[in-house]
Amino acid sequence: MSCVCGADSLEIPEDILLSIRKAKRVSVLTGAGISAESGVPTFRGAGGIWEKYDFRKLATPEGFRDDPKLAWEWYRLRQIEIQKAKPNPAHETIADMERHFEHFAVLTQNIDGLHKRAGSRNIVELHGNIWRMRCTRDGTTIDLDSPVGDIPPFCHCGSILRPDVVWFGEPLSNEAMDAASKAASESEVMFVVGTSAVVYPAAALPILTKNSGGLVIEINLEETDLSSYADLSILGPAGEVLPVLWRKTAFPERFMTEHPIIANR
Ligand code: BV8
């Protein structure tokens, strides 16, 4: 079921509202779209990164092996953009939701660290983190608090350092996959926010929720392969839709007073 709607005309079916309210285990899968309103470019869709850059050169182990300097220049460019970005109301709402539910997990494909900066705690970074580097020889990790300086950076052991992210053709860490699969299969409700749902295995996580009898609620700017599969697909910007959805769900009385027109119906 889907609705093409902005935040102000958001109608959530009563049965779905009730299911969210009584849920004890909830997760949210996020993609690049949730950070778009923070000014962080997405990969696909209008103006996406992959329209301008060749992912084979920048987001594969082969590309890094052939030209680590080029790959690092791209990651440093993204670090500079992400450093300027701030969590938006969608990130903040997810952090608020975590405080409300007994069990809550943020399963993110994003490497920008914005969920943690918004206050989320139980975060599974499926594709790593742009503020961490990894030694290509022994896997030692080094945290960064600002964009990388020399390119390419070298480990004290003399080996080259790479971004500690998951590239195409690389497996996700067992730890991340185990945690994400457990959370997805145990979720009574999974929100899927700002992902084109084309990159696997992350895109398979909502299917785990559905197959375990959970509800899947999608919030995205445009339809995706998941939209027809979701119990509810809401088309609109996450930074506007998610806060309204959450107010309607968790604080219906407050929502009604905040929207007297609706309250006086
Ligand atoms: C794996 C790096 C197996 C970090 C990324 C051939 C060989 C090997 C593997 C494959 C293959 N063919 C297919 C595969 C599998 C492959 C895959 O799925 N490919 C796809 C493209 C078909 N997957 C992999 O390779 C994965 N590994 O399978 O390993 C294996 C097992 C054992 C041993 C060896 C190998 C690894 C996948 C991870 C790749 N890394 N990035 C980085 O630099 O960021 S992928 C990249 O895409 C990012 O991580 C990103 O998060 C991810 C998914 O994209 P989205 O987050 O969904 O972003 P996107 O731009 O696509 O969509 C944004 C959406 O938001 C849009 O719909 C837009 O409309 C919407 N939106 C925009 N604004 C808003 C909004 N919505 C709401 N509000 C808004 N304001």
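For ligands, and for the atoms within them, numbers begin at 1 and follow the listed sequence.
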Does Y75 come within less than 4.0 Å of ligand 1, judged by its heavy atoms?
yes
Does atom CG of D150 have more than 12 heavy-atom neighbours from other groups under 6.0 Å away?
no
Taking the inter-plane angle between the rings of F43 and W74 on a 0 to 90° scale, is it parallel (under 30°), tilted (30 to 60°) or perpendicular (over 60°)?
perpendicular
What distance do S19 atom OG and I217 atom CD1 have between them, rounded to the nearest 0.5 Å?
8.0 Å
Option of least heavy-atom distance to atom 44 (O) of ligand 1 (set: R78, E170, E223)
R78
Quick one: which of A204, G31, G194 has a heavy atom closest to atom 64 (C) of ligand 1?
G194
For Q109, the atoms of ligand 1 under 4.0 Å from one of its heavy atoms are 49 (O), 51 (O), 52 (C), 53 (C), 56 (O)
State which residue, out of H91, H115, Q109, fulfils the side-chain hydrogen bond (donor to acceptor under 3.5 Å, both in side chains) condition with T30.
H115
So is A59 touching ligand 1 or not, going by heavy atoms under 4.0 Å?
no
Looking at atom 49 (O) of ligand 1, what's its closest protein heavy atom, distance included?
H127 ND1, 2.7 Å
Does a salt bridge link K210 with D231, judged by any charged N lying under 4.0 Å from a carboxylate O?
yes
Min over A202, P171, G239 of heavy-atom distance to atom 33 (C) of ligand 1 lands on P171
Heavy-atom proximity to atom 70 (C) of ligand 1, best of V199, N220, L58:
N220
Short version for L221: what comes under 4.0 Å of ligand 1, heavy atoms counted, is both
